[in-house]
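Accompanying notes for the structure given below.
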Amino acid sequence: MNQLKAILAYRFFIISSIKTEFRSRFARSRLGGLWMILNPLAQVAIYALVLSRVLAAKLPGIDNQYAYAIYLMAGTLGWSLFAEVFGRSLGVFVDNGNLLKKMAFPKIALPLIVTGSALVNNLLLFLAVLVVFGLLGHIPSVTLLWLPLLIAVTLALALGLGLALGIINVFMRDIGQIVPILLQFWFWLTPIVYVTSIIPQQYHHLVMLNPMSGIVMGYQNILVYNKAPDISTLLYPATIAVVALSLALFMYFRANEEMADAL
């Protein structure tokens with residue numbers, strides 16, 4: 001309860017920090033926020049050029065010659081939000097150690113700033129994806145109204161896992177070196193650049209053990225197939241997200257004072 005009151009008390013600090021971070025990241029840059037959009041779209045273009053001929057025939061239900069690029073962008077939208085919040089939460093306390101020693105504010109504000117900044121970035125990417133979809137002749141339907149649910153689950157999962165590992169990273173700095181490598185493997189274990197139909201049926205349950213699989217498939221259902229996400233595939237990642245967030249908050253309250261000394 002005290003932490004919630006502290007967050008409310010510092011809400012203007014959190015909002016202004018998000019704005020400042022956004023401005024400073026692209027200071028003296030002519031393209032500004034476009035760089036946040038160009039990077040993931042460039043990745044999509046590379047994967048589409050390399051793999052589209054291999055997988056285009058394996059995308060049932062998409063009547064568009066650019067089906068694979070559309071499929072890639074949908075998965076990338078969900079993954080980029082998760083990866084940014086998770087990756088930045090991992091080092092949020094270590095990277096801001098000097099700030100925490102000089103200023104008196106609740107440490108929990110830092111992950112919230114990271115989350116807010118990532119949301120802004122993802123919104124810009126989402127708008128760019130919609131524009132590209134329109135140019136490719138693919139118009140998503142009202143199923144877009146399901147996206148807030150997916151975003152909430154994605155943020156909860158990323159913040160819970162990232163914050164828990166970020167607290168451990170304060171005391172064991174090897175975590176900050178290992179996890180980014182594991183994140184690269186995680187990307188390829190998630191059906192973003194391939195469809196689950198190419199995986200033998202007996203291994204499908206292993207794919208679904210990855211909590212990001214259900215989330216990414218939800219993005220694909222909404223943005224590619226104009227269908228509502230399969231709620232049954234979201235229950236597992238939502239459960240993992242709640243457990244991870246609960247664990248992260250428990251670890252934060254237990255290690256809050258010790259982190260200041262370790263930093």
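Under a hydrophobic clustering in which Ile, Leu, Val, Met, Phe, Trp and Tyr are joined whenever their side-chain heavy atoms come within less than 4.5 Å, directly or via other members, L161 and W188 fall into the same cluster. L189 and I215 fall into different hydrophobic clusters, where Ile, Leu, Val, Met, Phe, Trp and Tyr residues are linked whenever their side-chain heavy atoms come under 4.5 Å apart, directly or through other members. In this structure, L144 is a member of the same hydrophobic cluster as M73, with clusters built from ILVMFWY side-chain heavy atoms closer than 4.5 Å. In the hydrophobic cluster analysis, where Ile, Leu, Val, Met, Phe, Trp and Tyr join through side-chain heavy atoms closer than 4.5 angstrom, Y225 is grouped apart from V142. Transitive grouping of hydrophobic side chains (ILVMFWY, heavy atoms separated by less than 4.5 Å) keeps V243 and L234 in distinct clusters.
Checked against side-chain contact (heavy atoms from CB on, under 4.5 Å), P111 has the following partners two or more places apart in sequence or in another chain: V92, F93, L159, L163. Every side-chain contact (heavy atoms from CB on, under 4.5 Å) that D230 has, sequence neighbours left out, goes to S232, T233.
Once rounded to the nearest 0.5 Å, the distance linking CG of L249 with CD1 of I108 reads 6.0 Å. Atoms CG and CG, on L155 and L81 in that order, are 4.5 Å from each other to the nearest 0.5 Å. Atoms CD1 and NE2, from I199 and H204 in turn, are 5.5 Å apart once rounded to the nearest 0.5 Å. Rounding to the nearest 0.5 angstrom, the gap separating the OG1 atom in T190 from the CH2 atom in W79 is 4.5 Å. Here the CG atom belonging to L247 is positioned 11.5 Å from the CD1 atom belonging to I240, to the nearest 0.5 angstrom. One distance of note links CD of Q202 with CG of L206; it measures 9.5 Å at 0.5 Å rounding.
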Side-chain atoms of residues 165-172: list all donor-acceptor pairs with protein atoms under 3.5 Å, sequence neighbours left out, distances to 0.1 Å.
{"from": "N169", "atom 1": "OD1", "to": "G176", "atom 2": "N", "distance (Å)": "3.0"}
{"from": "N169", "atom 1": "ND2", "to": "L90", "atom 2": "O", "distance (Å)": "3.2"}

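The closest donor-acceptor contact from the side chain of H138 to the backbone of A67 lies at 3.5 Å or more, if one exists at all. Looking only at distances, a side-chain donor or acceptor of Y71 sits under 3.5 Å from a matching main-chain atom of Y194. Side-chain N or O atoms of Q220 include one that pairs as donor or acceptor with a backbone N or O of P191 at under 3.5 Å. No side-chain donor-acceptor contact under 3.5 Å links S117 to the backbone of I113. No donor-acceptor distance shorter than 3.5 angstrom exists from the side chain of Y236 to the backbone of G214, with no hydrogens or angles considered.
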Item checked: Check against side chain to side chain contact (heavy atoms under 4.5 Å, CB included), F126 and L147 -> CA-CA 11 Å; F126 170 65; L147 274 181; 3.5 Å; yes
Next item on the list: Could you walk me through whether F82 and V153 pass the side chain to side chain contact (heavy atoms under 4.5 Å, CB included) test, one step at a time?
Entry: CA-CA 10 Å; F82 170 79; V153 175; over 6 Å; no
Next item on the list: Could you go through the side chain to side chain contact (heavy atoms under 4.5 Å, CB included) check for Y68 and V193 one step at a time?
Entry: CA-CA 9 Å; Y68 185 62; V193 300; 3.8 Å; yes
Note to self: Evaluate M212 against I192 for side chain to side chain contact (heavy atoms under 4.5 Å, CB included), listing each step before the verdict.
What the structure shows: CA-CA 10 Å; M212 278 305 295; I192 298 170; over 6 Å; no
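Of all heavy-atom pairs between A228 and T143, the closest is N-CG2, 4.0 Å. When all heavy atoms of I70 and V224 are compared, the pair lying nearest together is O-CG2, 3.9 Å.
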